[in-house]
Amino acid sequence: GAGVSQSPSNKVTEKGKDVELRCDPISGHTALYWYRQSLGQGLEFLIYFQGNSAPDKSGLPSDRFSAERTGGSVSTLTIQRTQQEDSAVYLCASSRLATSTDTQYFGPGTRLTVL
Amino acid sequence: QQPVQSPQAVILREGEDAVINCSSSKALYSVHWYRQKHGEAPVFLMILLKGGEQKGHEKISASFNEKKQQSSLYLTASQLSYSGTYFCGTEMAGYSSASKIIFGSGTRLSIRP
């Protein structure tokens with residue numbers, strides 16, 4: 001596609017439920033990143049996929065968070081047993097090269113609200 | 001490890017200049033600058049590598065002082081379209097893997113006509 005797309009754009013869920021957030025990176029981009037942005041805050045790194053290598057999960061806040069990237073393209077971020085503090089905008093970004101000096105293109109984000 | 005941005009917020013009149021700073025306590029390999037408008041995704045501005053380079057695009061430029069582990073973003077003759085929150089992202093020196101960028105908490109820039 002022309003840019004990074006994410007779905008859903010908004011998700012409201014009840015505390016304790018599981019949610020899945022989807023990211024479609026730009027076609028051909030090797031690297032994919034997930035960030036979380038709480039209201040009025042900066043970008044918090046969650047996880048990074050580089051091609052077929054094992055992902056860098058060092059930013060995941062707890063074991064309730066997991067992510068996978070199938071076929072080197074689409075990625076899904078799963079949050080199990082959601083808590084109210086999980087409420088945030090979840091941003092996905094991709095870059096053509098798996099180097100830190102390559103531009104990251106961000107998707108529009110998924111706004112998650114946990115009631 | 002999160003870089004510190006200053007100021008946290010700034011209000012300018014159209015045509016005025018601004019400087020946004022990004023400082024780290026660790027040796028840096030690269031600094032990234034992004035701008036995010038309200039309700040939108042962050043948009044890339046520029047990347048600077050260690051070596052003290054300076055980059056610019058139209059009236060927005062940036063410098064990277066490796067010794068001070070600091071980068072500054074310069075906005076000259078600001079336009080209304082410059083309004084938004086500016087984030088710097090830093091990568092630590094010495095990390096071999098192409099990995100995560102740690103972002104600062106942002107500087108909110110408001111331009112008044």
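Side chains are part of it too, since the values below use all heavy atoms of this structure and drop only hydrogens, waters and symmetry mates. Numbered from 1 within each chain, the chains take letters A, B, ... in sequence-line order. This is a predicted model, so every value here is computed, not measured.
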*asked:* Heavy-atom pairs under 4.5 Å with chain B: which of G42(A), P108(A), G109(A), G107(A) has the most?
replied: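 Ranked by heavy-atom pairs under 4.5 Å with chain B, first place is G42(A).
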_Quick one, Y34(B) and F106(A) - any side-chain contact, counting heavy atoms below 4.5 Å?_
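Yes. Closest side-chain heavy atoms under 4.5 Å.
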*asked:* Contact between Q37(A) and F103(B) at the side-chain level, heavy atoms closer than 4.5 Å - yes or no?
replied: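 In short, these two side chains do not touch, never coming nearer than 4.5 Å.
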*L60(A) reachable from I102(B) in the ILVMFWY side-chain graph, under 4.5 Å edges*: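 No, I102(B) does not connect to L60(A) through the hydrophobic network.
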*Which heavy atom of T103(A) sits nearest a heavy atom of I47(B), and at what distance?*
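Where T103(A) meets I47(B) most closely, the heavy atoms are N-CD1, 4.1 Å.
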*Evaluate whether atom NZ of K37(B) has more than 12 neighbouring non-hydrogen atoms of other residues, nucleotides or ligands under 6.0 angstrom away.*
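Counting neighbours around NZ of K37(B), more than 12 heavy atoms of other residues, nucleotides or ligands fall under 6.0 Å, so yes.
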*asked:* Tell me if the CG atom of L39(A) is crowded by more than 12 foreign heavy atoms within 6.0 Å.
replied: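 No, because the 6.0 Å sphere around CG of L39(A) holds 12 heavy atoms or fewer from other groups.
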_For R22(A), salt bridge (Lys or Arg N to Asp or Glu O under 4.0 Å) partners two or more places apart_ =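 By the salt bridge (Lys or Arg N to Asp or Glu O under 4.0 Å) rule, R22(A) matches D24(A).
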Residues 85-93 of chain A side chain polar contacts: donor-acceptor under 3.5 Å, at least two apart:
{"from": "D86(A)", "atom 1": "OD1", "to": "R64(A)", "atom 2": "NH2", "distance (Å)": "3.0"}
{"from": "D86(A)", "atom 1": "OD2", "to": "R64(A)", "atom 2": "NH1", "distance (Å)": "2.8"}
{"from": "D86(A)", "atom 1": "OD2", "to": "R64(A)", "atom 2": "NH2", "distance (Å)": "3.2"}
{"from": "D86(A)", "atom 1": "OD2", "to": "Q83(A)", "atom 2": "N", "distance (Å)": "2.8"}
{"from": "S87(A)", "atom 1": "OG", "to": "Q84(A)", "atom 2": "O", "distance (Å)": "3.0"}
{"from": "S87(A)", "atom 1": "OG", "to": "V114(A)", "atom 2": "N", "distance (Å)": "2.8"}
{"from": "Y90(A)", "atom 1": "OH", "to": "D86(A)", "atom 2": "O", "distance (Å)": "2.6"}

*Can you say whether E44(A) sits under 4.5 Å from chain B via the side chain, the backbone, both, or neither, judging by heavy atoms?*
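Contact with chain B is absent: no heavy atom of E44(A) under 4.5 Å.
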_Structural part of Q36(B) lying under 4.5 Å from a heavy atom of chain A_ =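 Contact with chain A: side chain only.
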